[in-house]
Amino acid sequence: MMKSPQQELYDYVFLESLNKGYDTYDHLPMASENVNYPFVTLENMNLVPIPNKTSIGAEINLTVNVWGNQDQRLMVDTIASSLLMIASLSFKTLDYRYRGRMTGSDYQIIQDTSVPDTVLNHAIVNLKFSLI
């Protein structure tokens, strides 16, 4: 069965993160999973079709989160910057070709205090790609 353009891109970025040596998850790990910081999660995606004369292209956006403890800001920044660079690449998967779009890709680091008595460094990386 052929995967959707979104799923192939998701799988590509997931494997790139793993290949860079980052603990990477498709969900925010539960406390019972006993995961160490820092880690990466791939989360929201959206696809906007762009029809043209001979085919349908698309713009695909993927949100990647990097989580670290209060002492890991530099590591969170390094991981986020490394993952952002995926948006500077053009590549082919099994069924599709993609071009990363640095214009429209970005990341920010925030201090997250949503867990009681805990300060986390949280990078939100927005990656933009064109399906070509």
Side-chain angles (χ1 to χ4, degrees):
M1 173 186 276
M2 188 168 146
K3 295 180 185 177
S4 71
Q6 276 186 304
Q7 188 61 51
E8 279 202 23
L9 179 61
Y10 184 96
D11 292 348
Y12 178 87
V13 173
F14 193 94
L15 286 174
E16 282 293 304
S17 181
L18 287 174
N19 290 337
K20 291 174 182 286
Y22 309 139
D23 292 335
T24 305
Y25 300 90
D26 62 357
H27 63 283
L28 191 58
M30 305 298 282
S32 63
E33 293 180 78
N34 200 24
V35 171
N36 293 320
Y37 293 106
F39 62 85
V40 174
T41 60
L42 274 66
E43 297 190 19
N44 304 329
M45 289 190 86
N46 78 311
L47 181 144
V48 179
I50 302 172
N52 60 43
K53 289 182 180 182
T54 59
S55 66
I56 296 177
E59 180 178 279
I60 304 173
N61 299 288
L62 170 62
T63 302
V64 179
N65 290 283
V66 181
W67 296 90
N69 67 31
Q70 64 189 15
D71 300 321
Q72 295 176 322
R73 190 196 186 288
L74 176 59
M75 193 174 297
V76 167
D77 180 69
T78 301
I79 294 169
S81 179
S82 172
L83 294 172
L84 180 69
M85 294 311 295
I86 296 171
S88 70
L89 305 173
S90 293
F91 52 91
K92 184 178 183 331
T93 61
L94 185 62
D95 296 306
Y96 305 100
R97 291 184 306 138
Y98 301 90
R99 179 176 300 126
R101 306 282 305 273
M102 286 301 283
T103 302
S105 296
D106 62 41
Y107 77 95
Q108 64 175 323
I109 297 177
I110 60 173
Q111 295 250 311
D112 187 307
T113 57
S114 61
V115 178
D117 300 319
T118 305
V119 176
L120 299 173
N121 285 294
H122 177 195
I124 303 164
V125 184
N126 298 301
L127 302 176
K128 182 175 283 209
F129 298 91
S130 293
L131 177 66
I132 53 176

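Because the structure is a prediction, the values reported are computed rather than measured.
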Calculate, to the nearest 0.5 Å, the distance between atoms [atom1] and [atom2] belonging to [X] and [Y] respectively.
X	Y	atom1	atom2	answer
Glu8	Leu94	CD	CG	5.5 Å
Thr93	Lys3	OG1	NZ	8.5 Å
Glu59	Asn46	CD	CG	8.0 Å
Arg99	Ser88	CZ	OG	12.5 Å

Notebook entry, point to check: Do Asn121 and Gln70 have side-chain atoms, one donor and one acceptor, less than 3.5 Å apart?
Noted result: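 No pair is found: no donor N or O on one side chain lies under 3.5 Å from an acceptor on the other.
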Notebook entry, point to check: Is it the case that Ser4 and Gln6 place a side-chain donor and acceptor less than 3.5 Å from each other?
Noted result: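 There is no such pair (donor and acceptor under 3.5 Å, judged by atom type) between the side chains of Ser4 and Gln6.
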Under a 4.5 Å side-chain heavy-atom rule over Ile, Leu, Val, Met, Phe, Trp and Tyr, are [X] and [Y] clustered together?
X	Y	answer
Ile86	Ile124	no
Leu9	Met85	yes
Leu120	Tyr25	yes
Leu42	Ile109	yes
Leu47	Ile132	no

State, with a plain yes or no, whether a side-chain heavy atom of [X] is found less than 4.5 Å away from one of [Y].
X	Y	value
Ile50	Asn52	no
Leu127	Leu84	yes
Tyr22	Leu83	yes

Check: Ignoring hydrogens and geometry, is there a side-chain-to-backbone donor-acceptor pair from Ser17 to Leu15 under 3.5 Å?
Finding: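 A pair under 3.5 Å: no.
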Check: With no hydrogens and no angle check, is any side-chain donor or acceptor of Ser105 less than 3.5 Å from a backbone partner on Lys128?
Finding: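 Yes; at least one donor-acceptor contact below 3.5 Å.
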Margin query: Which residues pass the salt bridge (charged side-chain N to carboxylate O under 4.0 Å, His left out) test with Lys20, not counting sequence neighbours?
Written below: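 Listed in chain order: nothing, the list is empty.
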Notebook entry, point to check: Please, which pairs that meet salt bridge (charged side-chain N to carboxylate O under 4.0 Å, His left out) have at least one residue in residues 106-118, sequence neighbours excluded?
Noted result: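 Applying salt bridge (charged side-chain N to carboxylate O under 4.0 Å, His left out) to every pair that reaches into residues 106-118, excluding sequence neighbours, yields nothing.
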Item checked: For Tyr12, the option from Phe91, Phe129, Tyr98 that meets side chain to side chain contact (heavy atoms under 4.5 Å, CB included) ->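 Of the listed options, the one satisfying the test is Phe91.
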Notebook entry, point to check: Can the ring centres of Tyr37 and Phe39 be said to be less than 6.0 Å apart?
Noted result: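 So the answer is yes for these two rings.
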Distance-only donor-acceptor pairs under 3.5 Å for side chains of residues 73-80, two or more places apart:
| unit_1 | atom_1 | unit_2 | atom_2 | d |
| --- | --- | --- | --- | --- |
| Asp77 | OD1 | Tyr107 | OH | 2.7 |
| Thr78 | OG1 | Leu74 | O | 2.9 |

